[in-house]
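Note that this is a predicted model, so its numbers are computed, not measured. One-based numbering, in listed order, for ligands and for the atoms of each.
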Amino acid sequence: MKTKHVSESYIETNDIVHPADANAYGIVFGGHLVSLMDKAACMSAFKHAEAKVTTVSVDSIYFQHPAPIGTMLSLKAAVNRVFHSSMEVGIKVTGWRPHEKETEICTAYMTFVALDENNKPTPVPEIIPETEDEKRRFENAEIRRDARLALRDKLRKKNTSP
Ligand SMILES: CC(C)(COP(=O)(O)OP(=O)(O)OC[C@H]1O[C@@H](n2cnc3c(N)ncnc32)[C@H](O)[C@@H]1OP(=O)(O)O)[C@@H](O)C(=O)NCCC(=O)NCCS
């Protein structure tokens with residue numbers, strides 16, 4: 001199976017916060033933001049895997065700053081690391097308003113699984129990190145995966161033991 005570079009999975013999309021996307025306080029509704037992030041991250045995983053992908057987990061969602069109505073959002077996503085059928089995508093959202101400094105709005109990690117024609121998990125190409133940031137994210141992704149699966153297995157064990 002061919003190997004690919006992180007840069008090949010890079011996705012950047014834009015959106016703007018409309019009144020219908022906001023909560024009662026006039027700032028972007030978190031669920032709306034997560035939906036945009038899931039879509040951008042999914043496209044990144046899809047680009048890397050070149051196969052159907054589905055979201056299996058979302059974690060470490062950090063809402064750093066509010067985005068009021070009228071904020072232009074920039075969503076950036078790339079595959080941090082591939083495991084076997086799954087891959088971790090990192091997503092960062094920044095916000096821009098005229099005459100203001102661009103701010104970090106939200107970050108998260110989303111894990112996607114590639115599926116074959118029978119909707120069963122299927123292997124995805126290896127990924128090669130090149131820059132220092134890509135290498136750091138690649139290393140950290142394995143630590144996060146271990147923590148994710150360990151928590152899942154610990155809770156499964158606890159909840160199924162007599
Ligand atoms: C994703 C899905 C196919 C995985 O099925 P499964 O029976 O758990 O498959 P497996 O146990 O073989 O796991 C497949 C991969 O997912 C990973 N995985 C499973 N649960 C995970 C979790 N909670 N967090 C991170 N990774 C997870 C496994 O480690 C494995 O990765 P690997 O192949 O890289 O080692 C299945 O859970 C599913 O269909 N979920 C619903 C997806 C969905 O509807 N998403 C929302 C719409 S996109």
Side-chain angles (χ1 to χ4, degrees), residues 1-18 20-23 28-64 67 73-94 104-131 133-162:
M1 186 178 270
K2 66 178 173 180
T3 56
K4 295 175 77 176
H5 295 113
V6 171
S7 54
E8 293 174 79
S9 69
Y10 182 75
I11 285 285
E12 183 167 355
T13 62
N14 294 94
D15 211 295
I16 189 159
V17 182
H18 281 172
D21 310 326
N23 63 17
V28 71
F29 174 55
H32 175 72
L33 200 52
V34 172
S35 167
L36 294 176
M37 293 166 80
D38 189 23
K39 208 179 263 185
C42 181
M43 287 191 280
S44 172
F46 182 51
K47 228 179 138 191
H48 177 77
E50 298 181 40
K52 181 156 77 174
V53 295
T54 189
T55 319
V56 69
S57 85
V58 175
D59 58 88
S60 312
I61 303 176
Y62 177 35
F63 295 101
Q64 287 157 276
L73 303 171
S74 166
L75 294 95
K76 298 182 180 75
V79 173
N80 286 338
R81 188 165 183 146
V82 163
F83 301 101
H84 181 60
S85 67
S86 69
M87 62 212 119
E88 184 197 88
V89 177
I91 315 102
K92 183 193 277 187
V93 184
T94 54
E104 290 203 356
I105 305 295
C106 191
T107 52
Y109 299 107
M110 298 186 177
T111 303
F112 293 82
V113 175
L115 302 174
D116 66 15
E117 58 282 3
N118 299 312
N119 288 329
K120 298 286 175 216
T122 189
V124 287
E126 284 298 315
I127 201 158
I128 304 165
E130 293 175 293
T131 68
D133 278 344
E134 288 171 4
K135 287 177 186 165
R136 175 180 48 78
R137 293 181 194 125
F138 182 88
E139 283 168 16
N140 292 350
E142 184 162 49
I143 298 170
R144 283 188 292 268
R145 170 182 157 97
D146 289 348
R148 249 174 235 133
L149 297 182
L151 178 64
R152 182 197 65 176
D153 294 344
K154 193 173 175 183
L155 290 173
R156 270 188 189 162
K157 197 171 161 200
K158 175 190 165 292
N159 295 335
T160 52
S161 57

key: Criterion side-chain hydrogen bond (donor to acceptor under 3.5 Å, both in side chains) against Asn80, the qualifying member of Glu134, Arg137, Glu88   =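 For Asn80, the side-chain hydrogen bond (donor to acceptor under 3.5 Å, both in side chains) test succeeds with only one of Glu134, Arg137, Glu88, which is Glu88.
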Is the closest basic N to carboxylate O distance between [X] and [Y] below 4.0 Å?
X: Arg81; Y: Glu142; result: yes
X: Arg144; Y: Asp59; result: no
X: Glu104; Y: Lys92; result: yes

Please check if the number of heavy atoms outside [X] that lie under 6.0 Å from its [atom1] is greater than 12.
X: Phe29; atom1: CZ; result: no
X: Phe63; atom1: CZ; result: yes
X: Phe138; atom1: CZ; result: yes
X: Lys39; atom1: NZ; result: no

Write out the residue and atom name of the closest protein heavy atom to [atom], then the distance separating them to 0.1 Å.
atom: atom 37 (O) of ligand 1; value: Val56 CG2, 4.2 Å
atom: atom 31 (O) of ligand 1; value: Ser86 OG, 3.1 Å
atom: atom 19 (C) of ligand 1; value: Arg152 NH1, 3.1 Å
atom: atom 3 (C) of ligand 1; value: Leu115 CD2, 3.9 Å
atom: atom 35 (O) of ligand 1; value: Arg145 NH2, 3.0 Å
atom: atom 16 (O) of ligand 1; value: Val113 CG2, 3.3 Å

query = Which of the atoms in ligand 1, numbered in the order shown and given with their element, are less than 4.0 Å from a heavy-atom of Thr54?
reply =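 Listed by number with element: 1 (C), 42 (C), 43 (C), 44 (O), 45 (N), 47 (C), 48 (S).
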query = For ligand 1, which atoms have a heavy atom of Ser57 less than 4.0 angstrom away?
reply =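 Within the 4.0 Å cut-off of Ser57, ligand 1 contributes 24 (N), 25 (C).
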query = Which bit of Leu149 is near ligand 1, meaning a heavy atom under 4.0 Å away: side chain, backbone, both or neither?
reply =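 The part of Leu149 near ligand 1 is the side chain, not the backbone.
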ask   = Hey, looking at atom 5 (O) of ligand 1, which of Ser85, Pro121, Ala114 has the closest heavy atom?
value =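 The residue whose heavy atom sits nearest atom 5 (O) of ligand 1 is Pro121.
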task = Could you tell me whether ligand 1 has any atom less than 4.0 Å away from a heavy atom of Lys120?
result =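 No, that is not the case, since the closest heavy atom of the residue is not under 4.0 Å from the ligand.
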key: side chain to side chain contact (heavy atoms under 4.5 Å, CB included) evaluation trace for Cys106 with Ile61   = CA-CA 7 Å; Cys106 191; Ile61 303 176; 3.8 Å; yes
inquiry  = Could you walk me through whether Met37 and Leu75 satisfy the side chain to side chain contact (heavy atoms under 4.5 Å, CB included) test, starting with their C-alpha distance in whole Å, then the side-chain angles of each, then the deciding distance to 0.1 Å, before giving a yes or no?
reply    = CA-CA 7 Å; Met37 293 166 80; Leu75 294 95; 3.9 Å; yes
Do any non-hydrogen protein atoms sit less than 4.0 Å from [atom]?
atom: atom 24 (N) of ligand 1; answer: yes
atom: atom 8 (O) of ligand 1; answer: no
atom: atom 43 (C) of ligand 1; answer: yes
atom: atom 13 (O) of ligand 1; answer: no
atom: atom 39 (O) of ligand 1; answer: no
atom: atom 27 (C) of ligand 1; answer: yes
atom: atom 33 (O) of ligand 1; answer: yes

request  = Determine yes or no for a side-chain-to-main-chain donor-acceptor pair under 3.5 angstrom, with Asp21 supplying the side chain and Val17 the backbone.
outcome  =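 No.
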Salt bridge (Lys or Arg N to Asp or Glu O under 4.0 Å) contacts touching residues 107-122 (sequence neighbours left out) =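 Sorted result for residues 107-122: empty, none.
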ask   = So, is Thr55 polar-close to ligand 1, with some N/O to N/O distance under 3.5 Å?
value =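 The answer is yes, given that Thr55 and ligand 1 share an N or O pair closer than 3.5 Å.
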query = Do ligand 1 and Arg148 have nitrogen or oxygen atoms that lie under 3.5 Å from each other?
reply =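 Checking ligand 1 against Arg148, no N or O pair falls under 3.5 Å apart.
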